[in-house]
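Values below: all heavy atoms of this structure, side chains included; hydrogens, waters and symmetry mates excluded. All residue numbers in this chain count up from 1 along the given sequence.
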Amino acid sequence: MFDLQSIALSTGVTLDVVVAGDPANPPIILLHGFPESHRTWRHIIPDLAKDHFVLAPDQRGYARSSKPEGVASYTPDKIVGDLLALADHFHIDRFTLVGHDWGGAVAWMAALQHPNRVSRLVIINAPHPFIFQKTMFDDPAQREASQYIRAFRNPDLEKHIAEIGLSSFFDGSFLRHTDFSKIADEKPVYLEQWGQPGAMTAMLNWYRASAIQVPAMDEEPARPAFLDAPFPPLHVPTLVIWGLGDAALLPSQLEGLEALVPGVRIDKVDAGHFVPWENPAAVIAAMRDWGA
């Protein structure tokens with residue numbers, strides 16, 4: 001069991017946050033993605049807490065954290081704001097930031113926009129925003145693999161989920177990207193978290209609030225101009241851990257990353273998309289070898 005604290009932030013939301021380790025140790029913040037919670041890090045936190053001060057929030061919209069109404073409440077800038085407010089709450093200036101999936105998207109943005117706060121960055125199966133948008137136009141396989149995002153943005157999806165039930169939605173969507181033998185005991189936890197009032201809409205609103213364009217397979221929209229212009233490089237020391245069995249995010253997400261993040265280290269590991277619980281030992285080994 002983790003020490004889960006309810007923390008009211010200056011951004012107006014209250015987040016449940018796992019707090020572990022000695023506050024005198026170097027701080028590290030862990031950001032989960034969709035459709036999870038702090039439980040993403042259940043096999044990682046005990047090791048990091050040996051010599052770090054660890055914070056692992058249930059981000060806005062998830063589990064029992066605040067679920068403000070409206071798609072506009074889930075734009076990335078507001079979620080980055082929660083991250084910085086959480087650090088401020090604990091009087092933390094600079095910290096190591098670790099993000100998986102949507103948590104990784106937030107981590108990329110935080111490091112790009114606030115390099116004075118993020119001392120080191122660890123990304124786990126989360127695409128760099130420039131590369132991800134570029135592959136939506138230049139890599140048909142990645143565009144096809146990302147069509148689920150269009151489905152998640154459908155305003156009628158919650159009605160469909162209500163009709164089939166959360167358990168069936170879990171089996172028909174989430175399990176397509178997992179080794180069920182490694183998560184069977186967690187299914188009741190997920191269903192309890194997803195079943196919190198407003199949770200499913202809040203979680204899906206992360207997709208609806210994103211500016212990333214995901215064209216349909218037969219669509220030829222205008223290409224965003226920024227894709228053919230220089231993109232600011234990230235100079236925060238960065239480790240990317242990538243599960244090569246990821247069916248949603250293809251290896252094209254690693255192409256060109258060295259130019260955008262000079263000095264980046266990329267560790268490819270044996271796992272699918274949900275690396276932190278599919279192969280936590282590889283995650284811990286990569287982070288420790290990198291110096292975290």
Side-chain angles (χ1 to χ4, degrees), residues 32-37 40 59-63 67-76 78-79 99-106 108 125-129 131-180 183 186-187 190-191 193-224 243 245-253 272-275 278:
H32 69 83
F34 180 93
E36 300 195 273
S37 67
T40 296
Q59 299 200 77
R60 68 163 64 196
Y62 286 85
K67 301 168 184 64
E69 293 186 4
V71 171
S73 295
Y74 298 89
T75 52
K78 293 182 177 63
I79 300 165
H100 170 253
D101 185 76
W102 260 114
V106 174
W108 279 122
N125 282 66
H128 186 285
I131 295 176
F132 191 51
Q133 185 63 91
K134 187 173 186 295
T135 57
M136 291 300 101
F137 286 82
D138 297 345
D139 181 2
Q142 183 60 69
R143 185 193 291 198
E144 183 175 12
S146 299
Q147 290 301 298
Y148 73 93
I149 295 176
R150 294 176 61 85
F152 283 177
R153 288 172 170 172
N154 186 331
D156 293 326
L157 182 57
E158 289 93 318
K159 185 186 302 182
H160 170 69
I161 294 171
E163 291 172 351
I164 65 173
L166 285 177
S167 182
S168 293
F169 180 67
F170 181 97
D171 294 344
S173 60
F174 190 37
L175 287 191
R176 295 172 56 194
H177 298 280
T178 69
D179 178 351
F180 185 67
I183 198 174
E186 287 286 310
K187 181 175 179 178
Y190 280 97
L191 296 184
Q193 292 178 345
W194 296 3
Q196 293 300 310
M200 189 54 67
T201 292
M203 291 158 60
L204 292 170
N205 277 347
W206 283 54
Y207 290 92
R208 295 162 179 160
S210 169
I212 291 290
Q213 295 184 47
V214 183
M217 294 306 296
D218 59 354
E219 188 180 359
E220 295 185 10
R223 183 181 179 86
D246 194 333
L249 296 168
L250 307 183
S252 60
Q253 299 308 313
H273 178 69
F274 293 94
V275 189
E278 288 185 15

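- No side-chain N or O of S73 forms a donor-acceptor pair with one of E69 less than 3.5 Å apart.
- Judged purely by atom type and a 3.5 angstrom limit, T201 has no side-chain atom pairing as donor or acceptor with the backbone of G198.
- Side chains of Q253 and Q142: a donor on one and an acceptor on the other come within 3.5 Å.
- Between the T135 side chain and the F132 main chain, a donor and an acceptor come within less than 3.5 Å of each other.
- A distance below 6.0 Å separates the ring centres of H100 and F274.
- The CE atom of M203 lies 8.5 Å from the CD atom of Q193; values are rounded to the nearest 0.5 Å.
- By the 4.5 Å heavy-atom criterion applied to side chains, Y207 and I212 are not counted as neighbours.
- Heavy atoms only, all atoms of each residue included: A126 and A105 are closest at CB-N, 4.0 Å.
- A salt bridge links R208 with E158: at least one charged nitrogen is closer than 4.0 Å to a carboxylate oxygen.
- Pairing each heavy atom of M200 with each of I161, the nearest pair is CG-CD1, 3.8 Å.
- Rounded to the nearest 0.5 Å, atoms OH (Y190) and OG (S167) are 14.5 Å apart.
- Listed for the Q59 side chain is a donor-acceptor partner under 3.5 Å among the backbone atoms of H32.
- Atom CD1 of residue I149 and atom CZ of residue R153 lie 6.0 Å apart, to the nearest 0.5 angstrom.
- A distance of 9.5 Å separates OG of S146 from CE of M217, quoted to the nearest 0.5 Å.
- No hydrogens or angles considered: nothing links the side chains of Q196 and Y62 as a donor-acceptor pair under 3.5 Å.
- Closest non-hydrogen pair, F137 versus P215, comes out as CZ-CG, 4.2 Å.
- Closest approach of A72 to T75, counting heavy atoms only: O-OG1, 3.4 Å.
- Checking side-chain atoms of R60 against main-chain N and O of K67 turns up no donor-acceptor pair under 3.5 Å.
- H273 and D101 form a side-chain donor-acceptor contact under 3.5 Å, judged by distance and modelled atom types alone.
- Annotation: side chain of V106 is in contact with side chain of W206 (closest heavy-atom distance under 4.5 Å).
- Salt-bridge check for K187 with D171: passed, with a basic side-chain N closer than 4.0 Å to an acidic carboxylate O.
- Counting all heavy atoms, side chain and backbone alike, A202 lies closest to Y74 at CB-OH, 3.4 Å.
- Put simply, CD on E163 and OG on S168 are 12.0 Å apart, with the number rounded to the nearest 0.5 Å.
- When each of Y148, F152, W102 is checked for a ring-ring contact (aromatic ring centres under 6.0 Å, His included) with F34, only F152 meets the rule.
- Between R150 and E219 a salt bridge is recorded (basic side-chain N to carboxylate O distance below 4.0 Å).
- Between the CZ atom in R223 and the NZ atom in K134 there is a gap of 6.0 Å [rounded to 0.5 Å].
- Smallest separation of non-hydrogen atoms from D246 and L249: OD1-N, 3.0 Å.
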